[in-house]
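FYI, side chains are in, hydrogens and waters are out, and symmetry mates aren't considered; it's all heavy atoms of this structure. Since the structure is predicted, the reported quantities are computational estimates derived from the model, not experimental observations.
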Amino acid sequence: MRDTLVILDYGSQTTQLIARRIRESQVYCELFPWNTPAERVMALRPRGFVLSGGPASVYEPGAPTLPAYVLESGRPVLGICYGMQLLAHALGGRVGRAPQREYGPARVELIHPLSFLIPLQAQPQVWMSHGDRVEELPPGFIVLARSLNSPVAAMGDPDRHLYGVQFHPEVVHTPAGREILRRFATEVCGCAPTWTPAAFIEEAIASIREQVGDGRVLCALSGGVDSAVTATLVHRAIGDQLTCVFVNTGLMRRGEPEQVVRTFRDRLGMPLVAVDATEEFLAALEGVTDPEEKRRIVGEKFIRVFEREAEKLGRVDFLAQGTLYPDVIESAAPDRPGARRIKTHHNVGGLPERMRLRLIEPLRYLFKDEARAVGEALGLPPEVVWRQPFPGPGLAVRVVGAVTWERLERLRAADAILLEELDRAGLLRTTQQAFAVLLPVRSVGVMGDCRTYEEVIALRVVTTEDFMTADWARLDPDLLARISNRIVNEVAGVNRVVYDITSKPPATIEWE
Ligand code: XMP
């Protein structure tokens, strides 16, 4: 059994980051809602626990508590923010409301330099976000660090390996945080850094073989990295017992349908059924301009086409899906904030429920960056591994207004220029999403002494960590000028280019 840490989630916005940082140290960890039954958590035989932050106050009626099995296990514990307050509260210390809430950057002074906290000495800046604080230490504990507003910014009982930090080591604004979590995992908990792509691939292949036996597996390829890595892993495991289906919706970017066939059929030798359903999708979208309606139509149509193709294949026992860990975590905790529907997200490649196939989800414990690392280790080409996210409804939500073949082609041409220029400037990996949007607005222009009255292209280029919030990329004006010039000169039907300078929130990344 591999060395594993368990993170108990108390509802902080940054809990997933704790897991990502620990995984970056090549230590495996899993995240559970704090009230998960003990047997499920302890089945992993965790070598230590991290208690996340959270919005509650330990004295509030009904506030989340520290389950008894955590301390009974005798394993090391690191409480972060609310997690530290819980530890203090549970062990006989006292937590109280701080006279001044502390949000944002703070400096800490290390009082008792334990090895795992030593990185704080060199980089004392930390990120705080709390209203409560530990006022009185539990018996056996000592103060390890303090800040202006937190006399106990870190505390510990080294004999019992119990620690708490009031600040958030998981966020980038705590520069020493990554190293603190790494040392906690490896030095305090004794986990070996064995969580590598190669180790994952070996285990995943063995477990897919065991699960599938001599069954037949179907996988929907979308062109995105998740389904590509899933299909490649399953193919490595069971070879031609896998069939991939790729539905060309006619709503992809320029060259993408060809690239899927080239990579998976020609280069990797996978059995691949490629269906061109462009006309069906365009017919279903004809005259539709409402964004949600477009999303619904594309989602439904996709399932219908996929089911039809799957039926032609005869016997199929399993469906392989590229579900990632964040989806698993979110469905385990459905009442987390953010439940209000802004857009209906459809994942092309999503499960047609009626097909009642058993699922194979080899990536269900991976974060996106880990899936990419696995893709690289599997030898997938960089343009697949580093492909930026693309919405399930495809260009239907980037052609604002009516979706016609002519407008799609216009958008594809402009989008290809944008990507080519960003790539040339080395910006395709440093901006997380970049695309063109075709607006249903015509404006007057003048070209070669003649009046033009044509459509507008908006460029959307954003930087983001998690796609929940995003900022517009501050691109070099000369680069923007070159892109704009090329689009107006090379794309028929477009005479004006604008750059979207709205962050998310208040805007969303996509326009529809
Ligand atoms: P928004 O526009 O909501 O997008 O800021 C956030 C991220 O999600 C992508 N997106 C989708 N992905 N199916 C998907 O799989 C969808 O229906 C969908 N809609 C938006 C968007 O491209 C961005 O990365």
Side-chain angles (χ1 to χ4, degrees), residues 221-228 246 248-264 278 348 368 372 375-376 380-400 403 405-439 455-464 467 470-502 504 507-512:
L221 275 181
S222 67
V225 60
D226 312 342
S227 65
F246 166 64
N248 180 1
T249 58
L251 303 168
M252 297 184 76
R253 292 176 149 185
R254 180 180 276 179
E256 280 185 335
E258 296 78 9
Q259 189 202 46
V260 170
V261 174
R262 208 168 48 235
T263 304
F264 294 94
T278 303
V348 166
K368 188 105 182 174
R372 288 207 160 110
E376 269 184 332
L380 283 172
E383 63 276 17
V384 174
V385 171
W386 293 101
R387 185 183 189 256
Q388 295 189 341
F390 187 68
L395 300 184
V397 293
R398 292 183 180 171
V399 167
V400 180
V403 183
W405 182 251
E406 193 194 0
R407 296 189 75 219
L408 282 167
E409 284 290 283
R410 194 171 291 159
L411 174 62
R412 274 192 268 265
D415 188 70
I417 292 170
L418 170 67
L419 293 194
E420 199 183 304
E421 290 295 335
L422 286 179
D423 193 23
R424 205 173 279 167
L427 291 172
L428 267 192
R429 283 205 203 173
T430 48
T431 57
Q432 283 64 49
Q433 213 167 0
F435 54 89
V437 181
L438 183 66
L439 306 187
E455 286 188 308
V456 181
I457 282 283
L459 305 174
R460 182 73 163 143
V461 185
V462 298
T463 53
T464 171
F467 298 90
D471 199 3
W472 56 281
R474 307 305 197 256
L475 294 183
D476 173 10
D478 291 339
L479 173 63
L480 283 170
R482 201 158 49 243
I483 296 167
S484 159
N485 255 329
R486 281 196 57 194
I487 291 177
V488 172
N489 285 328
E490 296 173 33
V491 182
V494 174
N495 67 351
R496 192 178 293 265
V497 176
V498 297
Y499 189 49
D500 182 346
I501 52 166
T502 336
K504 170 184 179 175
T508 54
I509 296 176
E510 303 286 346
W511 277 45
E512 288 195 340

Taking only Lys NZ, Arg NE, NH1 and NH2, and the carboxylate oxygens of Asp or Glu, determine whether [X] and [Y] approach each other closer than 4.0 Å.
X      : Y      : answer
Arg407 : Glu455 : yes
Glu406 : Arg410 : yes
Arg424 : Glu420 : yes

Output yes when a side-chain donor or acceptor of [X] lies under 3.5 Å from a complementary backbone atom of [Y], and no otherwise.
X      : Y      : value
Asp415 : Leu411 : no
Lys504 : Asp471 : no
Asp500 : Arg460 : no
Arg387 : Pro382 : no
Thr263 : Gln259 : yes
Gln432 : Thr464 : yes

Quick check with a 6.0 Å cut-off and a 45 degree axis cone: is [X] positioned over the face of [Y]'s six-membered ring?
X      : Y      : answer
Arg474 : Trp472 : yes
Arg429 : Trp386 : yes
Arg398 : Phe435 : yes

**Request:** Answer yes if the side chains of Thr431 and Thr463 hold a donor-acceptor pair under 3.5 Å, and no otherwise.
**Result:**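 No, because no side-chain N or O of Thr431 sits under 3.5 Å from a partner of the opposite role on Thr463.
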Are any non-hydrogen side-chain atoms of [X] and [Y] less than 4.5 angstrom apart?
X      : Y      : answer
Tyr499 : Leu475 : yes
Thr249 : Thr278 : no
Leu395 : Met252 : no
Pro393 : Leu251 : no
Phe390 : Gln433 : no
Val498 : Leu459 : no
Leu479 : Leu427 : yes

Heavy-atom pair of closest approach, residues [X] and [Y]:
X      : Y      : value
Gly250 : Leu408 : O-CD1, 3.7 Å
Leu428 : Gln388 : O-NE2, 3.0 Å
Phe246 : Ser222 : CE1-O, 4.3 Å
Ala228 : Val384 : CB-CG1, 3.6 Å
Ala434 : Leu422 : CB-CD1, 3.3 Å
Ser227 : Gly224 : OG-O, 3.5 Å

**Item:** Worked check of side chain to side chain contact (heavy atoms under 4.5 Å, CB included) between Val497 and Ile483
**Value:** CA-CA 9 Å; Val497 176; Ile483 296 167; 5.6 Å; no
**Request:** Applying side chain to side chain contact (heavy atoms under 4.5 Å, CB included) between Ile457 and each of Leu438, Leu418, Val491, report the one that passes.
**Result:**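 Going through Leu438, Leu418, Val491 one by one, the side chain to side chain contact (heavy atoms under 4.5 Å, CB included) with Ile457 is satisfied by Leu438 alone.
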**Request:** Would you please name every residue forming a side-chain contact (heavy atoms from CB on, under 4.5 Å) with Val400, sequence neighbours left out?
**Result:**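 Here the qualifying residues are Val437, Leu439, Pro440, Trp511, Glu512.
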**Asked** Can you name the side-chain contact (heavy atoms from CB on, under 4.5 Å) partners of Arg254, sequence neighbours left out?
**Response**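 Scan of Arg254 (side-chain contact (heavy atoms from CB on, under 4.5 Å), adjacent residues dropped) gives Arg412, Ala413, Ala416.
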**Request:** Show the numbers, then the answer: is there a salt bridge (Lys or Arg N to Asp or Glu O under 4.0 Å) between Glu256 and Arg253?
**Result:** CA-CA 6 Å; Glu256 280 185 335; Arg253 292 176 149 185; 5.0 Å; no
**Asked** How many angstroms lie between atom CZ of Phe264 and atom CG of Leu380, to the nearest 0.5 angstrom?
**Response**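 Answer rounded to 0.5 Å: 5.5 Å.
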